[in-house]
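For reference, the structure is listed below as structure tokens.
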Amino acid sequence: MIRLWAGILLTLCNGIRDTLPLLAAAALHEAGHVLACILFHVPMRFFRLHTAGAVIGYDAASLPYSKEAWIAAAGPIAGICGTAAAALWGSGRYAALFAAASLGLSLFNLLPILPLDGGVILSAILHLHFTADTCAGVLSCFRHAGTVLLWILSVTVQLRCGGNLSLLIVSICMLIRLAE
């Protein structure tokens with residue numbers, strides 16, 4: 001998911017030029033999802049940008065779980081490919097910023113917490129092997145434990161390193177979503 005408020009925060013802290021690689025990494029990530037939808041002949045109903053990220057709407061209920069997992073994995077795969085390309089052929093500060101942003105966004109989205117891509121992948125895999133009730137319980141445990149661990153990590157990083165508040169803000173937003 002594109003974290004627009006993180007981009008806005010970076011813009012305020014670092015200026016627009018340092019934010020462009022992050023936005024390019026997020027666009028590449030979302031392009032991976034769109035490409036997977038096209039390759040699997042899955043019609044997209046909408047594409048929305050909002051403060052919590054980007055949402056690509058498609059009828060997941062009619063998809064086999066394997067296709068849903070591949071569509072979710074396509075964003076991080078595109079980001080990791082972008083990281084590799086920037087590391088191999090890029091040079092300079094902005095290539096490094098893009099590579100770091102792309103890798104960070106990909107790894108973050110692979111966390112097994114719904115609604116992140118890793119959570120969607122985990123959900124699809126679980127539904128292939130277990131009942132819906134079992135899946136719901138496992139996914140709820142992952143979501144709560146993952147969000148709390150992310151918050152603890154972000155507070156630890158903030159206390160030890162200071163500086164950027166992005167991870168702390170992300171974890172607080174995820175904690176708020178848990179309470180909803």
Side-chain angles (χ1 to χ4, degrees), residues 1-7 22 25-37 39-40 42 44 47-84 99-158 164-180:
M1 300 180 87
I2 301 172
R3 300 293 174 187
L4 292 179
W5 46 265
L22 172 66
L28 177 63
H29 176 95
E30 294 305 326
H33 293 304
V34 170
L35 179 61
C37 284
L39 291 174
F40 285 120
V42 175
M44 293 178 289
F47 181 85
R48 286 191 197 126
L49 294 175
H50 53 85
T51 56
V55 176
I56 298 172
Y58 58 90
D59 190 10
S62 67
L63 282 179
Y65 290 119
S66 58
K67 281 187 180 181
E68 187 176 4
W70 279 111
I71 290 170
I77 289 170
I80 291 168
C81 289
T83 299
S102 191
L103 182 62
L105 184 64
S106 296
L107 294 177
F108 179 79
N109 270 284
L110 284 172
L111 291 173
I113 304 168
L114 283 172
L116 299 176
D117 297 331
V120 174
I121 295 166
L122 177 63
S123 175
I125 292 169
L126 289 173
H127 279 92
L128 286 171
H129 302 287
F130 300 102
T131 66
D133 288 341
T134 301
C135 294
V138 170
L139 291 169
S140 178
C141 288
F142 268 89
R143 185 174 182 195
H144 286 81
T147 301
V148 170
L149 289 172
L150 184 63
W151 181 79
I152 291 169
L153 173 66
S154 66
V155 169
T156 303
V157 168
Q158 185 61 33
N164 197 324
L165 296 173
S166 298
L167 185 59
L168 183 61
I169 292 169
V170 168
S171 65
I172 290 171
C173 288
M174 290 178 75
L175 283 171
I176 291 169
R177 286 189 71 177
L178 272 181
E180 293 175 347

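Starting from 1, each residue takes its place in the sequence as its number. On a predicted model such as this, the values are computed, not experimentally measured, just so you know.
Residues V34 and I56 meet the side-chain proximity criterion, which asks for heavy atoms closer than 4.5 Å. In this structure, V120 and L116 have side chains that are not in contact, with every pair of non-hydrogen atoms separated by 4.5 Å or more. In this structure, F142 and L122 have side chains that are in contact, with non-hydrogen atoms separated by less than 4.5 Å. A 4.5 Å side-chain heavy-atom check between P76 and H33 finds at least one atom pair inside the cut-off. Taking the side chain as every heavy atom from C-beta outward, W70 and I77 approach each other to under 4.5 Å.
T147 places a side-chain N or O within 3.5 Å of a backbone atom of R143 that can act as its donor or acceptor partner. In terms of modelled atom types and a separation under 3.5 Å, the side chain of T83 and the main chain of G79 share a donor-acceptor contact. At distances below 3.5 Å, at least one donor-acceptor pair connects side-chain atoms of H127 with backbone N or O atoms of S123.
Considering L114, N109, L107, I113 as possible partners of L111, the one that fulfils the side-chain contact (heavy atoms from CB on, under 4.5 Å) test is I113.
Here the closest non-hydrogen pair linking F40 and I71 is CD1-CG1, 3.9 Å. When all heavy atoms of I121 and A72 are compared, the pair lying nearest together is CG1-CB, 3.8 Å. Across all non-hydrogen atoms, the minimal contact from A78 to G32 is CB-CA, 3.8 Å.
In this structure, OG in S102 is found 9.5 Å from NE2 in H29, a value given to the nearest 0.5 Å. Interatomic distance, L103 CG to F108 CZ, rounded to the nearest 0.5 Å: 13.5 Å. To the nearest 0.5 Å, the span separating CG on L28 from OG on S106 amounts to 7.5 Å.
Within a 6.0 Å radius of OH in Y58, other residues, nucleotides and ligands contribute more than 12 heavy atoms.
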